[in-house]
Amino acid sequence: MQKYLLNTFSKQLNIASQAYFSHSGHASKKPPVRVAITGAAGQIGYSLIFRIASGEMLGPNQPVILHLIDLPFAMAALNGVVMEIQDCAFPLVKGIVATDNQAIGFKNVDYALLVGAKPRGPGMERGDLLKDNGKIFTETGKYINEHASRDIKVVVVGNPCNTNCLILANQIKDIPKENFTAMTRLDHNRAQHQLADKLGVHTTDIRRIAIFGNHSPTMVPYIDQMTAKNHKASVDQQWVSQTFIPTVQQRGAEIIKARKLSSAASAGNAAMNHITTWVNGTAEGDFTSMAIPSDGSYGVPKGLIFSFPVAVKNGKYSIVQGLPISHFYQGLLDKTIKELVDERNAVDHLLK
């Protein structure tokens, strides 16, 4: 009965929202695209929604219909979020779907930011977390395959995002596997700031860096091809190994220690950056970081969802080939590969 009432409420809310926004008066002639956010009532979702609604992710001329998905217990809070969106009177927002029903939530969706996931609790082993989230992403994958646009672009944010994405993509039969990615842009952004601070330049001056591997403390921030202000730049190797890499790898834990909460605004920002770059592309000669299905490059087993340096053009990404991998970096790569292989083995029963 409760689920029926919630789904009825969702449909009514969608109709009301569409009517409200049909009078926004926005002049864009582009058809709206549908953007889904799971865990929409949570902290990361809240940090994302209003920026997407303002046009920051897809551009100032791209209307959107927001698909806000969360669990039944969060629907009251999600209703509050919807009221706030309405109160902003965003010109680009042409409708809202707010629901706990994934069939409704992913219907014809063009972009999906999968934030919702079960967090790791006290004393929980990583293997248990993988199994619990495996059930969530198995179900979500089925709904996306059945209901979303065939051209949907997906970024998995909820951790452990690499292997959650692997589980999700395994459920997909009718959409290209390369449309399913996981987020390491947060790690990339963190590395960019640390390097800019060290070199005394702006973050936008740092180019040609990347994150290899897992979104975990085994990630590999790669900087051997870094440029600053379009010139080859280098930093002391001792600082790289003893300060820079550990800082980037452990930044999330440091934020939890300081805030008593995990990263929210920076994670939401990175998820938006991920989609924006996927749509608009990377600058000539530059690359970014995305966790994508491995094709065997750099010795990474095929099929793993692994972060690589990628160049993006016309909505398509490609792995940047031929970057020199030193003995130091190879050792780090071996560790993160092993971790992801172990994660894959832990959820092997969900991949059959």
Quick one: does Asp205's side chain have a donor or acceptor within less than 3.5 Å of a partner on Ala228's backbone?
no
Heavy-atom check, side chain of Ile85 versus side chain of Phe50, under 4.5 Å
yes
Hey, mind stepping through Ile136 and Asn133 against side-chain contact (heavy atoms from CB on, under 4.5 Å) and telling me if it holds?
CA-CA 5 Å; Ile136 295 170; Asn133 276 300; 3.7 Å; yes
Checking the side chain of Tyr317 only, and the main-chain atoms of Glu178 only, is there a donor and an acceptor separated by less than 3.5 Å?
yes
So, Asn162 side chain and Gly213 main chain: donor-acceptor pair closer than 3.5 Å or not?
yes
Asp286 CG to Gln225 CD distance, which is reported to the nearest 0.5 Å
12.0 Å
Shortest non-hydrogen pair, Ile167 vs Leu351, comes out as CA-CD2, 4.0 Å
Between Arg185 and Asn269, is there a side-chain donor-acceptor contact under 3.5 Å, judged purely by atom types and distance?
no
Are there over 12 heavy-atom neighbours, none belonging to Lys173, within less than 6.0 Å of that residue's NZ?
yes
Gap between atom OG of Ser263 and atom CD1 of Ile44 - 0.5 Å precision:
7.5 Å
Val240 and Ile245: side-chain contact (heavy atoms from CB on, under 4.5 Å), yes or no, with the steps?
CA-CA 6 Å; Val240 171; Ile245 290 178; 3.9 Å; yes
Using modelled atom types only, decide if a donor and an acceptor are shared between the side chain of Gln192 and the backbone of Asp187 within a distance under 3.5 Å.
no
Given 3.5 Å as the limit, does a donor-acceptor pair link the side chain of Thr181 with the main chain of Val154, or not?
yes
Side chain to side chain, Ile319 and Ile292, heavy atoms closer than 4.5 Å
yes
Please list all pairs meeting side chain to side chain donor-acceptor pair (under 3.5 Å) that have one or both residues in residues 294-310, counting only residues at least two apart or in different chains.
Thr184-Ser307, Asp295-Ser297, Ser297-Gln321
Under a 3.5 Å distance rule, please check whether Arg207 uses its side chain to pair with a backbone N or O of Asn230 as donor and acceptor.
no
With His67, the side-chain hydrogen bond (donor to acceptor under 3.5 Å, both in side chains) member among Arg34, Gln102, Lys107
Arg34
If you draw a 6.0 Å radius around CG in Asn314, do more than 12 non-hydrogen atoms from other residues or ligands fall strictly inside?
no
Working for side chain to side chain donor-acceptor pair (under 3.5 Å), residues Glu339 and Thr218:
CA-CA 8 Å; Glu339 182 178 58; Thr218 69; 2.6 Å; yes
How long is the straight-line distance from OH of Tyr46 back to CG of Leu68, given to the nearest 0.5 Å?
12.5 Å
Shortest non-hydrogen pair, Asp224 vs Lys232, comes out as O-NZ, 2.8 Å
Within the distance-only criterion (no hydrogens, no angle test), does the side chain of Thr282 pair as donor or acceptor with the backbone N or O of Val312 below 3.5 angstrom?
yes
Kindly indicate whether the side chain of Leu199, heavy atoms from C-beta on, has any atom under 4.5 Å from the side chain of Ile206.
yes
From Asn214 atom CG to Phe306 atom CZ, the distance as rounded to the nearest 0.5 Å
8.5 Å
Given 3.5 Å as the limit, does a donor-acceptor pair link the side chain of Arg190 with the main chain of His193, or not?
no
Apply side-chain contact (heavy atoms from CB on, under 4.5 Å) to the pair Thr163 and Leu340, showing each step before the final yes or no.
CA-CA 7 Å; Thr163 300; Leu340 280 168; 4.0 Å; yes
Look at the side chain of Lys94 and the backbone N and O of Pro31, then say whether any donor-acceptor pair between them is shorter than 3.5 Å.
no
Assess whether a salt bridge exists between Lys338 and Asp334, defined as any Lys/Arg side-chain N lying under 4.0 Å from an Asp/Glu carboxylate O.
no
Find the distance between CG (Leu332) and OG1 (Thr336) and round it off to the nearest 0.5 Å.
9.0 Å
Evaluate the side-chain proximity of Asn273 to Leu186: yes if any heavy-atom separation is below 4.5 Å, no if none is.
no
Would one find more than 12 heavy atoms of other residues, nucleotides or ligands at under 6.0 Å from atom NZ of Lys316?
no
Is there a side-chain contact (heavy atoms from CB on, under 4.5 Å) between Phe244 and Lys198? Walk through the geometry before answering.
CA-CA 9 Å; Phe244 168 68; Lys198 177 70 172 176; over 6 Å; no
Spacing of NZ belonging to Lys335 relative to OG belonging to Ser216, to within rounding of 0.5 Å:
12.0 Å
Do you know the tightest heavy-atom contact between Gly303 and Leu166?
O-CD1, 3.4 Å
The ring-ring contact (aromatic ring centres under 6.0 Å, His included) partners of His274 (sequence neighbours excluded) come to Trp278
Taking Gly158's backbone N and O only, do any of them form a donor-acceptor pair with Asn164's side chain (distance below 3.5 Å, no angle check)?
yes
Give the minimum heavy-atom separation between Gln171 and Thr138, together with the two atoms involved.
CG-O, 3.4 Å
Please set out all donor-acceptor pairs under 3.5 angstrom arising from side-chain atoms of residues 35-42, sequence neighbours excluded.
residue : atom : partner : partner atom : Å
Thr38   : OG1  : Val115  : N            : 2.9
Thr38   : OG1  : Gly116  : N            : 3.0

Under 4.5 Å between side-chain heavy atoms, hopping through other hydrophobics if needed: is there a path connecting Val248 to Val201?
yes
Contact check, side chains of Met75 and Leu78, non-hydrogen atoms, under 4.5 Å
yes
Parallel, tilted or perpendicular: ring planes of Tyr329 versus Tyr222, cut at 30 and 60 degrees
tilted
Heavy-atom distance under 4.5 Å between the side chains of Ile305 and Pro293, does that happen here?
yes
Looking at every heavy atom in both Gly105 and Val109, which two are closest together, and how far apart are they?
O-CG2, 3.4 Å
Grab the two heavy atoms, one from Glu56 and one from Thr276, that are nearest each other, plus how far apart they are.
O-OG1, 4.1 Å
For a 4.5 angstrom cut-off between non-hydrogen side-chain atoms, does Pro160 reach His215?
no
Can you tell if the side chain of Ser149 reaches within under 4.5 Å of the side chain of Asn108, non-hydrogen atoms only?
no
